[in-house]
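All of these numbers come straight from a predicted model, not from anything done at the bench. Heads up: numbering here begins at 1 and tracks the sequence.
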Amino acid sequence: MPMGHTATAEAGSGGLTATEHRLANGLRVVLSEDHLTPVAAVCLWYDVGSRHEVKGRTGLAHLFEHLMFQGSKQVHGNGHFELVQGAGGSLNGTTSFERTNYFETMPTHQLELALWLEADRMGSLLAALDDESMENQRDVVKNERRQRYDNVPYGTAFERLTALAYPEGHPYHHTPIGSMADLDAATLEDARNFFRTYYAPNNAVLSVVGDIDPAQTLAWVEKYFGSIPAHDGKPEPRSGELPEVIGEQLREVVEEEVPARALMAAYRLPHDGTRECDAADLALTVLGGGESSRLHNRLVRRDRTAVAAGFGLLRLAGAPSLGWLDVKTSGGVEVPQIETAVDEELARFAAEGPTPEEMERAQAQLEREWLDRLGTVAGRADELCRFAVLFGDPQLALTAVDRVLDITAEEVQAVAAAKLRPDNRAVLVYEPLATEQSDHADGDDDEEGADQ
């Protein structure tokens, strides 16, 4: 039987369903029908990210994300973009610590084209990978680093805090963008070996969501992906385990041309996929999730010492998650004043926990975000891949909100008391250069996001 093992377990929340299948070469396939609009989303997650890289070769996963758009055996140059966009579709790819993904949203009648394109580069990218494409995309990634990290206010904050929060040698110590030196050092043979190791069907999950015929879609998947050989040489990623609490406050002060002083911090929190992580998400939502949060009310509205105050969760499955605090000061306010107020609010929350109204609001906020993600075919396809790759079960994507709504106020208070402490954080303080401080005293909220 060419399709190999097929599992058809279904689960649902709000009427959403998904079916699972596996090809003989190990490719996992997840399908979810949704006939509301005549579009289909294709999402392919490879189980490779920056945590799989080794010292001296950081940035390879992200570089390879770019190389995957540089042509394959049947599709030359920029053809992948041209074919998808010419068919009325959209596409992109991103890289994180824990995965690399590629995705297209197509009119239903163009679904076969997207599947063929993804299969062609999975099966034959090496036929097109040469020195010219390597040098071209090396330059693109280096320029991206300059534009998004090195040459913008607070641009290196994500990289600096990550390096502080995870010790030297830890697989999450470096971010997906990689260093300039390592990008320069990467060779064509490095890229080829990376592809052979990680870009195999048995290291990937393919989800197709939307206005689809499941039988026809599976037939296309088998036709285009079924002959791609599996690869069994993937090494196990290094362990990301760390003590539950850092045990001290790590600190770095950066003097740069920034519009305002800033206090940023990363708190070590439980792994994604646990009740404790969901409880931490709720705690950070109450404390810093939007304009109704405690930190916004205290720092921006009441004290008027900050122009922005946020606290969010970077969920990670292979290492402790991180709670990201980001406060931009107002006027000439000094960082110690902000830090004292933050610690007062965190201590009060740890002692008292959330109010019933705060719990209801935070759970509603996370529920809305979950609905937003699953409400589009592209968002649902991505979530199905995420839970399949990181937790082994795509069905968990459809019930994730139930687990958040099941968390109690006591659990939220407990995780805050255990984790949101001064001895469990890495702190980054931005101080403007003297000339910048006088010229830009009013400040500006310039949020900096993680790399693709």
- Message: Could you check whether atom CD of Glu360 has more than 12 heavy atoms from other residues, nucleotides or ligands sitting under 6.0 Å from it?
- Response: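 No - once you tally the heavy atoms of other residues, nucleotides and ligands closer than 6.0 Å, there are 12 at most.
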- Query: Just wondering, more than 12 heavy atoms not from Arg146 lying within 6.0 Å of its CZ?
  - Reply: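 Yes, enclosed.
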With sequence neighbours excluded, tell me which residues meet ring-ring contact (aromatic ring centres under 6.0 Å, His included) with [X].
X      : value
Phe311 : Tyr267
Trp220 : none
His170 : Tyr166, Tyr172
Phe103 : none

Closer than 3.5 angstrom, by distance alone: can the side chain of [X] be matched with the main-chain N or O of [Y] as a donor-acceptor pair?
X      : Y      : value
Thr399 : Asp402 : no
Asn202 : His231 : yes
Asn25  : Ala230 : no
Gln363 : Val404 : yes
Gln137 : Leu63  : no

- Item | Heavy-atom closest contact (Val427 atom, Val429 atom, distance) | CG1-CG2, 4.0 Å
- Atom of Ile212, atom of Ala40 and distance for their closest heavy-atom approach: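 For Ile212 and Ala40, the tightest heavy-atom pair comes out as CG2-CB, 3.9 Å.
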- Would you call Arg57 and Glu53 a salt bridge, taking side-chain N to carboxylate O under 4.0 Å as the test?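 Looking at Glu53 together with Arg57, the answer is no, because their closest N to O distance does not fall below 4.0 Å.
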- Query: Is it true that Arg380 and Glu383 have a side-chain N and a carboxylate O under 4.0 angstrom from each other?
  - Reply: no
Tell me, please, which residues at least two apart from [X] pass side chain to side chain contact (heavy atoms under 4.5 Å, CB included).
X      : result
Gln147 : Asn143
Asp150 : Arg145, Thr156, Met180
Gln365 : Thr285, Arg368, Glu369
Asp211 : His35, Pro38, Thr108

Distance check, rounded to the nearest 0.5 Å: [X] atom [atom1] versus [Y] atom [atom2]?
X      : Y      : atom1 : atom2 : value
Glu345 : Ser293 : CD    : OG    : 10.0 Å
Arg403 : Trp370 : CZ    : CH2   : 9.5 Å
Arg373 : Asp382 : CZ    : CG    : 9.5 Å
Ile338 : Asp343 : CD1   : CG    : 11.5 Å

- Task: Answer with yes or no after comparing the ring centroid distance for Tyr198 and Phe64 against a 6.0 Å cut-off, counting only values under it.
- Result: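 No, the ring of Tyr198 stays outside the 6.0 Å limit from the ring of Phe64, centre to centre.
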- Any chance you could lay out the side chain to side chain contact (heavy atoms under 4.5 Å, CB included) test for Tyr102 and Val42, step after step, and finish with the verdict? CA-CA 8 Å; Tyr102 303 89; Val42 173; over 6 Å; no
- Query: Can Glu104 and His80 be counted as having a side-chain donor-acceptor contact under 3.5 angstrom?
  - Reply: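 Looking only at side-chain atoms, His80 and Glu104 do form a donor-acceptor pair, the distance falling under 3.5 Å.
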- Modelled atom types, side-chain donor and acceptor of Arg28 and Ser207, under 3.5 Å: no
- Task: Hey, could you give me each pair passing ring pair (Phe, Tyr, Trp, His ring centres under 6.0 Å) that has a residue in residues 328-354? Not counting sequence neighbours.
- Result: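 Listed once each, the pairs would be none.
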- Message: Please enumerate all residues that pass salt bridge (charged side-chain N to carboxylate O under 4.0 Å, His left out) together with Glu252, with sequence neighbours excluded.
- Response: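 Result, salt bridge (charged side-chain N to carboxylate O under 4.0 Å, His left out) vs Glu252: Arg160.
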- Message: Taking salt bridge (charged side-chain N to carboxylate O under 4.0 Å, His left out) as the definition, give me every residue that meets it alongside Glu339, ordered by chain and number, with sequence neighbours left out.
- Response: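 Only Arg251, Arg425 meet the salt bridge (charged side-chain N to carboxylate O under 4.0 Å, His left out) criterion with Glu339.
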Side-chain touch [X]/[Y], heavy atoms, less than 4.5 angstrom:
X      : Y      : value
Leu67  : Phe195 : no
Arg261 : Pro432 : yes
Glu358 : Leu282 : no

- Query: Which residue pairs pass the salt bridge (Lys or Arg N to Asp or Glu O under 4.0 Å) test with at least one member in residues 411-421, sequence neighbours excluded?
  - Reply: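 Listed once each, the pairs are Glu244-Lys419, Arg275-Glu411, Arg421-Asp423.
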